[in-house]
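The block underneath contains the structure these notes are about, expressed in C-alpha coordinates.
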Amino acid sequence: DQQVKQNSPSLSVQEGRISILNCDYTNSMFDYFLWYKKYPAEGPTFLISISSIKDKNEDGRFTVFLNKSAKHLSLHIVPSQPGDSAVYFCAASSTNAGKSTFGDGTTLTVKP
Amino acid sequence: NAGVMQNPRHLVRRRGQEARLRCSPVKGHSHVYWYRQLPEEGLKFMVYLQKENIIDESGMPKERFSAEFPKEGPSILRIQQVVRGDSAAYFCASSPRQDSTDTQYFGPGTRLTVL
(Lines give C-alpha, C1' and ligand atoms only; values in the text may rest on other atoms or scores of the structure.)
Protein backbone atom coordinates (compact mmCIF):
# COMPACT_ATOMS: atom_id res chain seq x y z
CA ASP A 1 0.00 0.00 0.00
CA GLN A 2 1.86 3.02 -1.30
CA GLN A 3 0.94 6.05 0.78
CA VAL A 4 2.67 8.62 -1.44
CA LYS A 5 2.27 8.30 -5.20
CA GLN A 6 3.87 10.11 -8.08
CA ASN A 7 1.96 8.78 -11.05
CA SER A 8 4.14 10.28 -13.75
CA PRO A 9 7.51 8.52 -13.97
CA SER A 10 8.81 11.15 -16.36
CA LEU A 11 8.13 14.64 -17.65
CA SER A 12 9.75 16.55 -20.49
CA VAL A 13 9.38 20.32 -20.94
CA GLN A 14 10.98 23.03 -23.02
CA GLU A 15 13.34 25.50 -21.40
CA GLY A 16 11.49 28.58 -20.21
CA ARG A 17 8.15 26.81 -19.88
CA ILE A 18 6.45 25.68 -16.68
CA SER A 19 7.10 22.24 -15.17
CA ILE A 20 4.33 20.79 -13.02
CA LEU A 21 5.07 17.71 -10.96
CA ASN A 22 2.23 16.00 -9.12
CA CYS A 23 1.97 13.93 -5.98
CA ASP A 24 -0.95 12.22 -4.24
CA TYR A 25 -1.10 10.81 -0.74
CA THR A 26 -3.53 8.60 1.13
CA ASN A 27 -2.60 8.99 4.80
CA SER A 28 -4.64 11.81 6.36
CA MET A 29 -2.17 11.93 9.28
CA PHE A 30 0.49 13.47 7.06
CA ASP A 31 0.87 17.14 7.94
CA TYR A 32 4.17 18.11 6.37
CA PHE A 33 5.22 17.70 2.78
CA LEU A 34 8.55 18.10 1.08
CA TRP A 35 10.05 18.01 -2.37
CA TYR A 36 13.56 16.72 -2.95
CA LYS A 37 15.68 16.89 -6.05
CA LYS A 38 18.14 14.13 -6.86
CA TYR A 39 20.94 13.91 -9.39
CA PRO A 40 22.45 10.54 -10.37
CA ALA A 41 24.97 9.17 -7.86
CA GLU A 42 24.05 11.81 -5.29
CA GLY A 43 21.74 11.94 -2.31
CA PRO A 44 18.43 13.80 -2.41
CA THR A 45 18.64 17.54 -1.82
CA PHE A 46 15.84 19.41 -0.07
CA LEU A 47 14.02 21.79 -2.38
CA ILE A 48 10.88 23.17 -0.76
CA SER A 49 8.33 22.18 1.84
CA ILE A 50 4.80 23.00 2.95
CA SER A 51 2.89 22.54 6.17
CA SER A 52 -0.70 21.31 6.11
CA ILE A 53 -1.88 24.65 7.54
CA LYS A 54 -0.91 26.32 4.28
CA ASP A 55 -2.01 25.79 0.70
CA LYS A 56 0.91 27.46 -1.04
CA ASN A 57 4.59 28.06 -0.46
CA GLU A 58 6.86 29.88 -2.85
CA ASP A 59 10.64 30.06 -3.09
CA GLY A 60 12.02 31.74 -6.18
CA ARG A 61 11.14 29.71 -9.24
CA PHE A 62 9.63 26.93 -7.13
CA THR A 63 6.09 26.90 -5.77
CA VAL A 64 4.38 24.05 -3.98
CA PHE A 65 0.59 23.86 -3.82
CA LEU A 66 -1.31 21.70 -1.36
CA ASN A 67 -4.93 20.61 -1.75
CA LYS A 68 -5.76 18.83 1.49
CA SER A 69 -9.28 17.83 0.52
CA ALA A 70 -7.95 16.09 -2.57
CA LYS A 71 -4.82 14.86 -0.78
CA HIS A 72 -2.80 16.26 -3.65
CA LEU A 73 0.22 18.46 -3.94
CA SER A 74 2.12 19.81 -6.88
CA LEU A 75 5.45 21.45 -7.54
CA HIS A 76 5.60 24.22 -10.13
CA ILE A 77 8.90 25.30 -11.61
CA VAL A 78 8.81 28.41 -13.72
CA PRO A 79 10.68 29.17 -15.81
CA SER A 80 12.23 25.73 -16.21
CA GLN A 81 15.96 25.54 -16.87
CA PRO A 82 18.12 22.70 -18.23
CA GLY A 83 19.85 22.49 -14.84
CA ASP A 84 16.51 21.52 -13.31
CA SER A 85 16.74 18.16 -15.08
CA ALA A 86 16.79 15.61 -12.26
CA VAL A 87 14.58 13.17 -10.39
CA TYR A 88 12.08 14.89 -8.10
CA PHE A 89 10.76 13.08 -5.05
CA CYS A 90 7.69 14.02 -3.11
CA ALA A 91 7.81 13.10 0.60
CA ALA A 92 5.35 13.31 3.48
CA SER A 93 5.59 13.02 7.24
CA SER A 94 3.43 13.42 10.32
CA THR A 95 4.24 15.46 13.41
CA ASN A 96 6.89 13.88 15.60
CA ALA A 97 7.07 10.77 13.45
CA GLY A 98 10.52 11.66 12.23
CA LYS A 99 10.55 9.44 9.18
CA SER A 100 9.41 10.58 5.76
CA THR A 101 7.45 8.51 3.25
CA PHE A 102 8.65 8.99 -0.31
CA GLY A 103 7.03 8.65 -3.70
CA ASP A 104 8.83 6.78 -6.46
CA GLY A 105 9.98 9.99 -8.14
CA THR A 106 9.44 11.82 -11.43
CA THR A 107 12.31 12.29 -13.84
CA LEU A 108 12.18 15.82 -15.23
CA THR A 109 13.99 16.62 -18.46
CA VAL A 110 14.21 20.26 -19.49
CA LYS A 111 15.20 20.61 -23.12
CA PRO A 112 17.21 23.66 -24.25
CA ASN B 1 30.64 22.81 7.52
CA ALA B 2 30.51 19.18 6.49
CA GLY B 3 27.25 17.60 5.47
CA VAL B 4 26.25 14.00 5.98
CA MET B 5 29.12 11.68 5.18
CA GLN B 6 28.66 8.10 4.12
CA ASN B 7 31.28 5.48 3.45
CA PRO B 8 32.06 3.54 1.55
CA ARG B 9 30.42 5.07 -1.50
CA HIS B 10 30.50 1.74 -3.28
CA LEU B 11 30.60 -1.68 -1.68
CA VAL B 12 30.76 -5.04 -3.41
CA ARG B 13 30.05 -8.20 -1.46
CA ARG B 14 29.55 -11.84 -2.35
CA ARG B 15 26.47 -13.66 -1.19
CA GLY B 16 26.78 -14.67 2.45
CA GLN B 17 29.25 -11.94 3.41
CA GLU B 18 28.56 -9.06 5.76
CA ALA B 19 28.12 -5.45 4.72
CA ARG B 20 28.78 -2.51 7.04
CA LEU B 21 27.65 0.93 5.98
CA ARG B 22 28.71 3.98 7.93
CA CYS B 23 27.07 7.35 8.30
CA SER B 24 28.39 10.47 10.02
CA PRO B 25 25.57 13.00 10.48
CA VAL B 26 25.84 16.75 10.18
CA LYS B 27 27.73 18.08 13.20
CA GLY B 28 25.27 18.73 15.97
CA HIS B 29 22.54 16.52 14.54
CA SER B 30 21.44 13.78 16.90
CA HIS B 31 18.80 12.13 14.71
CA VAL B 32 19.75 9.69 11.96
CA TYR B 33 17.55 7.94 9.41
CA TRP B 34 18.41 5.16 6.99
CA TYR B 35 16.59 4.71 3.69
CA ARG B 36 16.99 2.16 0.93
CA GLN B 37 16.40 2.79 -2.75
CA LEU B 38 15.92 -0.15 -5.06
CA PRO B 39 16.31 0.42 -8.83
CA GLU B 40 13.44 2.42 -10.36
CA GLU B 41 11.86 2.97 -6.95
CA GLY B 42 11.69 5.70 -4.36
CA LEU B 43 13.42 5.79 -1.01
CA LYS B 44 11.97 3.41 1.54
CA PHE B 45 12.36 4.18 5.23
CA MET B 46 14.30 1.58 7.19
CA VAL B 47 15.18 2.86 10.65
CA TYR B 48 15.30 6.03 12.75
CA LEU B 49 17.86 6.36 15.53
CA GLN B 50 18.93 8.84 18.13
CA LYS B 51 22.18 8.53 20.02
CA GLU B 52 22.24 5.05 21.58
CA ASN B 53 18.53 4.50 20.87
CA ILE B 54 16.47 2.97 18.11
CA ILE B 55 13.31 5.07 17.84
CA ASP B 56 11.54 3.44 14.89
CA GLU B 57 12.69 0.33 13.06
CA SER B 58 9.39 -0.42 11.35
CA GLY B 59 11.05 -0.46 7.91
CA MET B 60 13.86 -2.83 8.79
CA PRO B 61 13.70 -6.44 7.58
CA LYS B 62 13.29 -8.70 10.60
CA GLU B 63 16.37 -10.76 9.90
CA ARG B 64 19.96 -10.01 8.94
CA PHE B 65 19.64 -6.22 9.27
CA SER B 66 20.65 -4.18 12.28
CA ALA B 67 21.52 -0.55 12.99
CA GLU B 68 23.18 1.38 15.74
CA PHE B 69 24.10 4.97 16.54
CA PRO B 70 26.59 4.86 19.41
CA LYS B 71 27.37 7.71 21.75
CA GLU B 72 30.64 8.23 19.91
CA GLY B 73 31.25 7.59 16.25
CA PRO B 74 29.13 7.11 13.17
CA SER B 75 25.87 5.30 12.74
CA ILE B 76 26.30 1.80 11.33
CA LEU B 77 23.87 -0.18 9.19
CA ARG B 78 24.89 -3.81 9.21
CA ILE B 79 23.63 -6.46 6.82
CA GLN B 80 24.61 -10.03 7.60
CA GLN B 81 24.70 -12.86 5.07
CA VAL B 82 23.90 -10.57 2.15
CA VAL B 83 21.75 -11.81 -0.73
CA ARG B 84 21.40 -10.41 -4.25
CA GLY B 85 18.13 -8.71 -3.32
CA ASP B 86 20.07 -6.50 -0.89
CA SER B 87 21.72 -4.73 -3.84
CA ALA B 88 20.52 -1.15 -3.61
CA ALA B 89 21.53 2.37 -2.73
CA TYR B 90 21.43 3.03 0.99
CA PHE B 91 20.99 6.63 2.07
CA CYS B 92 21.50 8.11 5.47
CA ALA B 93 19.89 11.38 6.54
CA SER B 94 20.23 13.47 9.67
CA SER B 95 18.24 16.21 11.37
CA PRO B 96 18.73 18.26 14.52
CA ARG B 97 15.36 17.38 16.01
CA GLN B 98 12.48 14.97 15.66
CA ASP B 99 10.12 17.75 14.63
CA SER B 100 8.56 16.95 11.28
CA THR B 101 9.30 20.49 10.15
CA ASP B 102 12.99 19.81 10.32
CA THR B 103 14.53 19.08 6.98
CA GLN B 104 16.42 15.85 6.70
CA TYR B 105 19.83 16.28 5.12
CA PHE B 106 20.91 13.34 3.03
CA GLY B 107 24.30 11.85 2.44
CA PRO B 108 25.52 10.75 -1.00
CA GLY B 109 24.58 7.14 -0.37
CA THR B 110 26.35 3.79 -0.39
CA ARG B 111 25.74 1.63 -3.42
CA LEU B 112 25.82 -2.00 -2.38
CA THR B 113 26.28 -4.64 -5.05
CA VAL B 114 25.94 -8.28 -4.09
CA LEU B 115 27.51 -10.70 -6.52
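Order of the sequence lines sets the chain letters (A, B, ...), proteins ahead of strands, with each chain counted from 1.
Summarising the geometry of B:Leu43 relative to A:Phe102, their closest heavy-atom pair is O-CB, 3.3 Å, with the distance given to 0.1 Å. The minimum heavy-atom distance linking A:Asp104 with B:Lys44 is given by the pair OD1-NZ, 3.4 Å. Closest approach of B:Arg111 and A:Ala41 over heavy atoms only: NH2-CA, 3.3 Å. Between A:Tyr36 and B:Gln104, the shortest heavy-atom distance links the atoms OH-O, 3.4 Å.
Residues passing the ring-ring contact (aromatic ring centres under 6.0 Å, His included) test with B:Tyr105, sequence neighbours excluded: B:His29.
Between B:Ser58 and A:Lys99, the closest side-chain pair of non-hydrogen atoms falls below 4.5 Å.
For B:Gln81, the CD atom counts as loosely surrounded, since its 6.0 Å shell holds 12 or fewer non-hydrogen atoms of other residues, nucleotides or ligands. Few gaps surround NZ on B:Lys51; more than 12 heavy atoms of other groups in view lie less than 6.0 Å from it.
Proximity to chain B is limited to the side chain of A:Gln2, based on heavy atoms less than 4.5 angstrom apart. B:Gln37 touches chain A through its side chain: at least one heavy atom from C-beta onward sits under 4.5 Å away, while N, CA, C and O do not.
A:Phe62 and A:Val13 fall within a single hydrophobic cluster, where Ile, Leu, Val, Met, Phe, Trp and Tyr are joined by side-chain heavy atoms under 4.5 Å apart, directly or via other members. Hydrophobic clustering places B:Leu49 together with B:Phe65 (ILVMFWY residues linked when any side-chain heavy atoms are closer than 4.5 Å, directly or through intermediates). Connection of A:Met29 to A:Tyr32 is not established within any shared hydrophobic cluster, with ILVMFWY side chains joined at heavy-atom distances below 4.5 Å, either directly or through further cluster members. Note on B:Val114: it clusters hydrophobically with B:Leu21, by side-chain heavy-atom contacts below 4.5 Å among ILVMFWY residues.
Separating the CZ atom in A:Phe89 from the OH atom in B:Tyr35 is a distance of 12.0 Å, to the nearest 0.5 Å.
Taking A:Gly103, A:Ala91, A:Ser100, A:Cys90 one by one and counting their heavy-atom pairs under 4.5 Å with chain B, the maximum is reached by A:Ser100.
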